[in-house]
Protein chains: 2
Amino acid sequence: MSRPAKFDRDLVLERAMQAFWDQGYCSTSVATLTQTTQLNPGSIYAAFESKQGLFLATLDHYGKRSVEEITQTVNSAETPLEGIRELFRQLATNVKKPKSERSCFLVNTVLDASRHNAMVRERVNHYFDLIESVFRNALASAQNNGELAIDKNPRTLATFIMTTIWGLRVLLVTGAGQDKVESVLDQLFILLD
Amino acid sequence: MSRPAKFDRDLVLERAMQAFWDQGYCSTSVATLTQTTQLNPGSIYAAFESKQGLFLATLDHYGKRSVEEITQTVNSAETPLEGIRELFRQLATNVKKPKSERSCFLVNTVLDASRHNAMVRERVNHYFDLIESVFRNALASAQNNGELAIDKNPRTLATFIMTTIWGLRVLLVTGAGQDKVESVLDQLFILLD
DNA sequence: ATAAAACTTGAACGATCACTCAAGATAAAC
DNA sequence: GTTTATCTTGAGTGATCGTTCAAGTTTTAT
């Protein structure tokens, strides 16, 4: 016996996420959020408790989708190792895309808001862990296939892959060209052979 | 025929830098800056024009010192390649240090303020370029010494080293332990052999 | 001494911040 | 149709934001 919320929660999260992603937590005012989400302050606070509550919800929105997309890309290739390579090739094509300077929402957040907020840090680390396990599993499969040498360590390589992704995100923000990005991919792929 | 400023500019820059580094540009208010620098608002604005002006000055303060320290570490080892390895070993010891979660001021800045401010971006990129050239020169020297295989490309490797540093900074912020950090170093060192 | 120039002080400015809440609107339950 | 519970609206809250500036202070040059 109550009135359901009129707005589409996923649409609101998507729009709020774009705002936070573009401008960062601190520079995104509630006034901006009311514009982009087309929700009044009251509705935002009724649904998400606070600006931080909305931010955490957008983090989940982004995190879940990232994990899905990465899993999809890595696991839908012909072989596990090829899946990982394909993921990096896709990442590299971001150079040309218009909003590549936004980097990754999780990476931006971990270097910004997470350092003084345990809740944010834990959530970001959670999604990083999930993503790393996708790589670790793929590498283990590759070893079983004989695609990856038996003396390589999937755990070590997965950590290194994560580090390379993080580094690549920064590289893209610096405005690096195609050549630099491909340099990085080449070096990483050497280690995966 | 004028009155000289009473405050120590370097000390003020150091204190302001610590504040910006700890909390980020946006979260560091001028009120905070007046406390940490022990300067009144008027003095700050007389000396640095604006909050952003002070920030840019702290960026230079940090950037110049970083370049000096990296150059020193890389060039004072017995061989160029050993210098690069030594730098990474030092970076790795940051895991234990209390403020390791602050990452690198330049990296934090490039993912935060730089994306919507060309002046900040150019300045950060400038220092990144200087640092990368330290590695490129060291690698070229290593090749002349016969320490680095002749088929390796110093330019490509220097870019990869920068990417690894950036990735390592993120890794440290996630709270990774010694083991993960050493994993990354091991993989990087393979590529330098 | 005096004048000139620059620095220091700190109260005050308008703008904007995150957030609240009373009033009105709306859907489900009966 | 009435009740009930919740959502929506948007003006308004006090706090804090970056910045300014007039008044007072201090140093140098003459």
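So you know, we letter chains A, B, ... as the sequences are listed, proteins then strands, and number each from 1.
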Chemist: What pairs with B:R89 under salt bridge (Lys or Arg N to Asp or Glu O under 4.0 Å), at least two apart in sequence or on another chain?
Modeler: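 Only B:E82, B:E86 meet the salt bridge (Lys or Arg N to Asp or Glu O under 4.0 Å) criterion with B:R89.
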Chemist: Please report the distance, rounded to the nearest Å, between CD in B:E49 and P in D:dT19.
Modeler: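 It is 10 Å, rounded to the nearest whole Å.
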Chemist: Please enumerate all residues that pass side chain to side chain contact (heavy atoms under 4.5 Å, CB included) together with B:A142, with sequence neighbours excluded.
Modeler: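 With sequence neighbours excluded, B:A142 shows a side chain to side chain contact (heavy atoms under 4.5 Å, CB included) to B:P80, B:L81, B:E147, B:L148, given in chain and number order.
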Chemist: For a side-chain hydrogen bond (donor to acceptor under 3.5 Å, both in side chains) check, start with the C-alpha distance between B:H116 and A:Q23, then their side-chain angles and the critical distance, and finish with the verdict.
Modeler: CA-CA 8 Å; B:H116 291 97; A:Q23 315 180 39; over 6 Å; no
Chemist: Mind calculating the distance between CZ (B:F7) and P (C:dA6) to the nearest angstrom?
Modeler: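 That distance rounds to 15 Å.
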Chemist: Scan residues 172-192 of chain A for pairs that pass salt bridge (Lys or Arg N to Asp or Glu O under 4.0 Å), counting only residues two or more places apart or in two chains.
Modeler: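 Found A:K180-B:E132.
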Chemist: Which residues pass the salt bridge (Lys or Arg N to Asp or Glu O under 4.0 Å) test with A:D151, not counting sequence neighbours?
Modeler: none
Chemist: Can you classify the ring geometry of B:F55 versus B:F20 as parallel (below 30°), tilted (30 to 60°) or perpendicular (above 60°)?
Modeler: perpendicular
Chemist: Mind checking side chain to side chain contact (heavy atoms under 4.5 Å, CB included) for A:V134 and listing every partner two or more places apart, or none if nothing turns up?
Modeler: A:I70, A:T71, A:V74
Chemist: Distance-only criterion, 3.5 Å: show the donor-acceptor pairs between side-chain atoms of residues 102-110 of chain B and protein atoms not counting sequence neighbours.
Modeler:
unit_1: B:R102; atom_1: NH1; unit_2: B:Q18; atom_2: OE1; d: 2.7
unit_1: B:S103; atom_1: OG; unit_2: B:N108; atom_2: OD1; d: 3.3
unit_1: B:N108; atom_1: ND2; unit_2: B:R102; atom_2: O; d: 2.8
unit_1: B:T109; atom_1: OG1; unit_2: B:F105; atom_2: O; d: 2.7

Chemist: Listed in order of residue number, which residues of residues 11-37 of chain B have a non-hydrogen atom at under 4.0 Å from DNA chain D?
Modeler: B:T28, B:S29, B:V30
Chemist: Mind checking salt bridge (Lys or Arg N to Asp or Glu O under 4.0 Å) for A:D60 and listing every partner two or more places apart, or none if nothing turns up?
Modeler: A:R123
Chemist: Find the distance B:K51:NZ to D:dT16:P and express it as a whole number of Å.
Modeler: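 Spelled out: NZ on B:K51 to P on D:dT16 is 15 Å.
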Chemist: For A:R136, enumerate each residue passing the salt bridge (Lys or Arg N to Asp or Glu O under 4.0 Å) test, keeping only those at least two apart in sequence or located in another chain.
Modeler: none
Chemist: Using a cut-off of strictly less than 4.0 Å between a heavy atom of the residue and any atom of DNA chain C, enumerate the qualifying residues of residues 38-46 of chain A by number.
Modeler: A:P41, A:G42, A:Y45
Chemist: Between the protein and nucleotides 22-25 of chain D, are there any N/O to N/O pairs under 3.5 Å, and if so, what are the atom names and distances?
Modeler:
unit_1: D:dT25; atom_1: O2; unit_2: B:R3; atom_2: NH1; d: 2.8

Chemist: Using OP1 and OP2 only, check whether a side-chain N or O of A:K6 sits under 4.0 Å from D:dC7.
Modeler: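 A:K6 to D:dC7 OP1/OP2: no side-chain N or O under 4.0 Å.
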Chemist: Report the residues that fulfil side chain to side chain contact (heavy atoms under 4.5 Å, CB included) with B:Q35, sequence neighbours left out, ordered by chain and then residue number.
Modeler: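 With neighbours one apart ignored, the set is empty.
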Chemist: How close or far is atom P of D:dC7 from atom CZ of A:R9, stated in whole angstroms?
Modeler: 12 Å
